[in-house]
Each structure stands twice: as structure tokens, then as C-alpha cells.
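First up is the structure itself, then whatever we jot down about it.
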Amino acid sequence: MTVILGLESSCDETAAALVTGDRMILAHRLAGQEAAHRPYGGVVPEIAARAHVEVLMPLVEAALQDAGHALADVDAIAATAGPGLIGGVMVGLVTAKALSLAARKPLIAVNHLEGHALSPRLSDPELAFPYLLLLVSGGHCQLLFVAGVGRYRRLATTIDDAAGEAFDKTAKLLGLGFPGGPAVEAAARAGSADRVPLPRPLLGSAEPHFSFAGLKSAVLRARDSGAHAPEDIAASFQQAVVDCLLDRTKHAMAKAQGATALVVAGGVAANGAVRTALAGLAADHALRFVAPPLWLCTDNAAMIAWAGAERLAAGFTDPLDIAARPRWPLDPSAEKARGAGVKA
Ligand code: KG4
Ligand code: ZN
């Protein structure tokens, strides 16, 4: 069975994992950088890149040891080659190139979004193509029709902020700490979702896209009014995001004929309210619902190793001069959504 070593370093997690072509996770190591970024309330690219340099190789060695493998036993080396913070992406990709050269094993340059998109097939062997995927992370909010490995049709994207970005900004506005998503979810549990009236941008719109910037501004106004407890704002905000995700996903279902399942992936897929709402929507449409375990939703290297395994099986490997890419759309043919600051 093939064994893939995967590296991830596109944001603020450094990770290395070994995964087999038949879905065995032999090892996965991860080092977060929350403490380094916390004083700034967000990820500082330069600090992130330096931290990746320091910990990536020790993590690779630890993962190989956990798996009981030498580098020579590995069949290919996969690394995130974009999109992401370019300094960190370069650290991971250059490391993978060096390992590939030293071990004389193929290099696989993985699109981080493809890592998220295929991760549900690592945890669920039954999940077959095609499927409708809601990819919700800190940098992206997209609906994709996943037809096969390397075959993605983007049905919707955000015209401003990503859903995870909205969670992070809300946490910052409410003083709930960093990283924001889990903090908002925890605060929301102690609050009531119907106490603070907040907008649902683009709900019911004929166009397919997402928007969260107006919601963030409304959170700021609610906070500054002094009329609401932070827990109630958090709960009302989370409900507004869930309503938007559900409405837009429902809208996309009409364009996802033949889909075998509704799938959610990316960091925001770790949110309990989001998972519960999507499971209900899938049930209403007689579709299977698939969500990876929480640790596989947020950034990790097992999903990169797995995407590498899928790509290797499909016959894709990459040359050693392949470049790191800060932007890298999964569906390059997708039309631009209206508005400024469009995410790839
Ligand atoms: O996929 P990911 O780990 O990194 C990116 O590729 O962006 O996603 C990180 C995002 C952050 O915005 C974080 O706040 C959000 O996922 N997130 C959550 C939860 N856990 C992580 N958002 C809502 N609820 C959560 N439990
Ligand atoms: Zn991610």
C-alpha cells in the first residue's frame, strides 16, 4: 500500500502526517501558533513563517518515528503549495522539495482547498463522487460541485468576508479572544439567539453567493449600543451565519444534480450549530450528510497527505520547480463574483 508524507504550513498550523492509500492515518503531528499570535488578535504572516521554519522538520521526524517509517519507505511527498500566507507556504513547499530530492520520491503540490475538499473521503470510505461541498474556513466560503479528483465546479463564493473570518472578527469585537470560532461558539452556548436582531445578507437572493461584511458591521453596532450581553450577540451572530449558510446551500442544491451527498469541510465545519443545521437540510433532501471529525475540519496535514494519495492514484505528480501560490482557485473557470476583495 502506498504511504504519503504530507506537510501543511499555509496559515498558523504547522503539521506533518503519514497516510496510506487505503485511508490509514499512520501518524499526524500538529503544532499550533496561537500563543505567538494572540497578542495581535490575528495571524501575523512574518511570525507564522518563522515559526514554520523552526518546527516543520522536527514534526516530520516525529511523524516518521510515530509511523515507524524511514523517509525511504514513503512513496511520495505532498505539501500545500497554496493558497495561503506565502511565507509559510514557501517553507512547506521548499521542505517537501528537499525531501523529495533527497529520497528520490515524487513531489505532489496540493491545493490547500483540495485538501479540505477531499478530507471527507479520508474519514468516510463510502463517500463517492460527485458531491456537493460547503467549504467554510478562515479564508474561504464556497459551494463546490466535486466531480472527481481535480474536477471542481464552483457554484458560489463570498463577495466579501469568509464565514470563519466573520467568526474571528466577531470574537475580536466582543473581546472573546483568539482563535475566534471556538470562542464565539462557546459564548453562544450561554446566550440566546433571538435577543439581537441581525441581518442575513443575501438570504433568498437569486444570485448564488455569500456575504458576511454587513453582518460584522451589525455586530459592531449591537456591541456599541451597550444594550446587549456579549453572549446574546454571539448566539444571534452564530444563528445568522447558520441561516445564511443553509439558505445558500439550499440554493446550490438545484445546480448539484447527481450529488450523492451534502458534505461540509474547513474550520467552520467544526461548529456544532453549523453541522446540526446542515444535517437537517440534507435529511430534508434525502441526501447523505458527511462531515469529517472535528480535528480533520481545521487545518492539518492528514488531509494534505490524503489529497496527495488521491492525486498520486490519479496519476498527478509535480516538477521540482513548481511555484508556491498565494492565490490558487480550485475552479479557475468560475466567473468572478461581484464586489471588491473577491476571494479566489
Ligand atoms: O480551515 P481552517 O483551520 O484554516 C483555514 O484554511 O482558514 O479554518 C480556520 C477558521 C477560523 O476562522 C476559525 O475561527 C474557524 O475556522 N473555526 C470555527 C470553529 N473552529 C474553527 N468557526 C466556528 N466555530 C468553530 N467551532
Ligand atoms: Zn484550511
Side-chain angles (χ1 to χ4, degrees), residues 6-15 17 28 30-34 37-38 41-43 45 48 52 79-86 88-89 92 110-120 133-142 144 157-158 161-174 176-189 210 212 215-216 219 234-235 237-242 244-245 264-278 291-304 306-307 326-328 330 343-344:
L7 312 183
E8 161 60 32
S9 59
S10 66
C11 191
D12 60 343
E13 324 278 359
T14 322
H28 72 96
L30 186 137
Q33 306 174 357
E34 282 87 2
H37 299 291
R38 189 166 287 123
V43 178
H52 290 307
T80 295
L85 301 174
I86 193 66
V89 174
V110 173
N111 183 315
H112 180 83
L113 302 176
E114 182 169 47
H116 281 302
L118 297 176
S119 66
L133 171 73
L134 173 63
L135 174 48
V136 268
S137 69
H140 299 272
C141 187
Q142 306 188 346
L144 294 154
T157 188
T158 179
D161 293 349
E165 199 175 352
F167 268 96
D168 294 334
K169 287 176 178 172
T170 292
K172 206 168 177 178
L173 289 174
L174 299 179
L176 298 174
F178 172 85
V184 170
E185 183 173 19
R189 258 182 239 120
F210 297 91
F212 294 104
L215 180 54
K216 174 190 66 193
V219 165
F237 162 81
Q238 182 172 270
Q239 188 57 50
V241 172
V242 166
C244 292
L245 293 178
V264 66
V268 181
N271 184 282
V274 169
R275 292 167 87 96
T276 305
L278 289 169
L294 300 193
W295 74 268
L296 202 52
C297 288
T298 47
D299 287 350
N300 64 86
M303 71 180 191
I304 303 303
W306 173 249
R327 295 231 160 172
W328 185 2
L330 265 187
K343 303 285 186 329

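Counting convention: from 1, in listed order, for ligands and their atoms alike.
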Atom pair [atom1]/[atom2] of [X] and [Y] - distance to nearest 0.5 Å:
X	Y	atom1	atom2	result
L134	H116	CG	NE2	12.0 Å
C244	Q239	SG	CD	10.0 Å
D299	D12	CG	CG	7.5 Å
E114	L144	CD	CG	11.0 Å
L330	L133	CG	CG	9.0 Å
T14	Q33	OG1	CD	4.5 Å

Students should be able to answer this: which protein heavy-atom is nearest to [atom], and at what distance?
atom	value
atom 10 (C) of ligand 1	G138 N, 3.4 Å
atom 24 (N) of ligand 1	N271 ND2, 3.0 Å
atom 4 (O) of ligand 1	D299 OD2, 3.0 Å
atom 26 (N) of ligand 1	E185 OE1, 2.8 Å
atom 18 (C) of ligand 1	G181 CA, 3.5 Å

Which bit of D168 gets closer than 4.0 Å to ligand 1, counting heavy atoms only: side chain, backbone, both or neither? side chain
[X]: heavy atom below 4.0 Å from ligand 1, yes or no?
X	answer
H116	yes
C11	no
P179	no
H112	yes

With V136, which of N271, V241, L278, V268 fulfils side chain to side chain contact (heavy atoms under 4.5 Å, CB included)? V268
Any N or O of G266 that comes nearer than 3.5 Å to an N or O of ligand 1? no
If you measure every N or O of G267 against every N or O of ligand 1, does any of those distances drop under 3.5 Å? yes
May I ask you to decide if [Y]'s main-chain N or O and [X]'s side chain share a donor-acceptor pair within less than 3.5 Å?
X	Y	result
H28	A302	no
H140	T158	no
S9	G88	yes

Out of all atoms in ligand 1, which are within 4.0 Å of some heavy atom of G164? Include the element for each. 12 (O)
Closer than 4.0 Å to some heavy atom of G139 - which atoms of ligand 1 meet that? 7 (O)
Please list, one pair per line, the donor and acceptor atoms closer than 3.5 Å that link side chains of residues 179-189 to other protein atoms, with sequence neighbours excluded.
{"unit_1": "E185", "atom_1": "OE2", "unit_2": "G272", "atom_2": "N", "d": "2.7"}

Which atom of P83 lies closest to which atom of P326, heavy atoms considered: CB-O, 3.2 Å
Note, E8 side chain near H52 side chain (heavy atom, < 4.5 Å): no
Determine how many protein N/O/S atoms sit closer than 2.8 Å to the Zn ion (ligand 2), leaving waters out since they are not shown. 3
